[in-house]
> 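So that we are looking at the same thing, I have put the structure below in structure tokens.
If you read the sequence from its start, that first residue is 1, and numbering goes on from there. We count ligands from 1, going down the list as the structure has it; atoms in each ligand are counted the same way. These figures come from a predicted structure and were not determined experimentally. Because only heavy atoms are used, hydrogens play no part in the values below, and waters and symmetry mates are left out as well, while side chains stay in.
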Amino acid sequence: MVGVMIDITRLKDVENRLRRQATELARSNKDLEQFAYVASHDLKEPLRMVTSFVQMLKRKYEGRLDLDADDYIRYAVDGAARMHSLIDDLLTYSHVDRKTEPFELTDLNVVLRKVVQNLAELTRESSASITALELPTVMADPIQMGQLLQNLIANAIKYRDPAVPPRIRIEAEQGEGHWIFSVQDNGIGIAPEFSERIFKLFQRLHTKEEYPGTGIGLAICKRISERHGGRIWVESSPGRGSTFYFALPKRESWPSLRTVNFM
Ligand code: ADP
């Protein structure tokens with residue numbers, strides 16, 4: 001009889017170390033989320049105070065001091081406004097996973113209509129055209145679906161090619177057990193080496209002077225997709241427009257429902 005003995009002590013050690021590291025990582029992520037939530041929440045009140053006083057300063061003293069003073073006041077007002085959007089976006093980001101309500105049947109055509117209404121002014125100013133094919137009804141958080149679509153469409157308008165009016169097309173395609181949604185634009189595009197980085201918190205490819213923004217929008221989209229058991233990605237190249245995709249698993253066993261209006 002011939003036997004073989006393999007010493008797996010080292011393998012077990014590595015496995016244990018990996019497990020400990022994973023637990024540690026999950027804990028520090030949770031801490032970070034908690035920190036982001038508390039910090040952004042508590043920062044709102046002092047910021048409100050700073051904002052209202054610098055605005056008052058602007059109203060009362062703009063043009064009555066010297067030119068430098070006018071500039072300083074303007075920087076302070078702009079800074080406060082930027083911080084306000086950062087805090088709002090951070091709060092939205094840390095809220096994504098805090099929601100505990102069950103998903104509900106969500107007609108994405110209704111959600112999209114509302115998003116298009118919210119963006120009406122931006123669309124008019126930029127002469128953008130937004131078209132969509134019929135979208136399905138899915139089990140989801142309707143508010144978060146709105147945030148996801150709104151961020152993608154607003155970006156499609158923001159990162160437009162200055163030479164042509166923005167054209168945005170939204171589609172849904174049925175896959176095996178999931179839906180794939182796409183938001184396609186004819187904007188400035190993104191170099192392939194940045195296609196993962198843009199979904200990370202605070203990652204931007206432009207300065208705030210070129211394009212305003214906080215670098216949180218796509219991180220919110222990623223979190224929303226993942227909370228729904230899906231994922232998000234982009235296909236793009238500079239000067240050729242971008243298509244953002246997100247996939248959502250089909251959660252219900254019945255086919256997608258269409259809303260029937262009886263009135
Ligand atoms: P923000 O727009 O506030 O910078 P986002 O997280 O929404 O933050 O986007 C991250 C970066 O991805 C942007 O700074 C921009 O460079 C790039 N980006 C996002 N959407 C598009 C798009 N439709 N076309 C080209 N670039 C885009």
> What pairs of residues pass the ring-ring contact (aromatic ring centres under 6.0 Å, His included) test when at least one of them lies in residues 49-88, not counting sequence neighbours?
none
> Closer than 4.0 angstrom, basic N to acidic O: yes or no for E24 and R27?
yes
> Under 6.0 Å between ring centres, would you say that holds for H206 and Y159?
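Ring centroids of H206 and Y159 are less than 6.0 Å from each other.
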> Check the angle between the aromatic planes of F103 and H228 and answer parallel, tilted or perpendicular using the 30° and 60° thresholds.
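Because their plane-to-plane angle is under 30°, the rings of F103 and H228 count as parallel.
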> Can you tell which of K58, E62, R82 makes a side chain to side chain contact (heavy atoms under 4.5 Å, CB included) with V77?
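One option only clears the test, and that one is K58.
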> Determine, using the 4.5 Å side-chain heavy-atom cutoff (strictly less than), whether I224 and I216 are members of one ILVMFWY cluster.
yes
> Identify, chain by chain and in numerical order, each protein residue with a heavy atom under 4.0 Å from an atom of ligand 1.
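Ligand 1 pocket, heavy atoms under 4.0 Å: N155, A156, K158, Y159, D185, I188, G189, I190, I198, Q203, R204, L205, H206, G213, T214, G215, I216, G217, L218, S242, F244.
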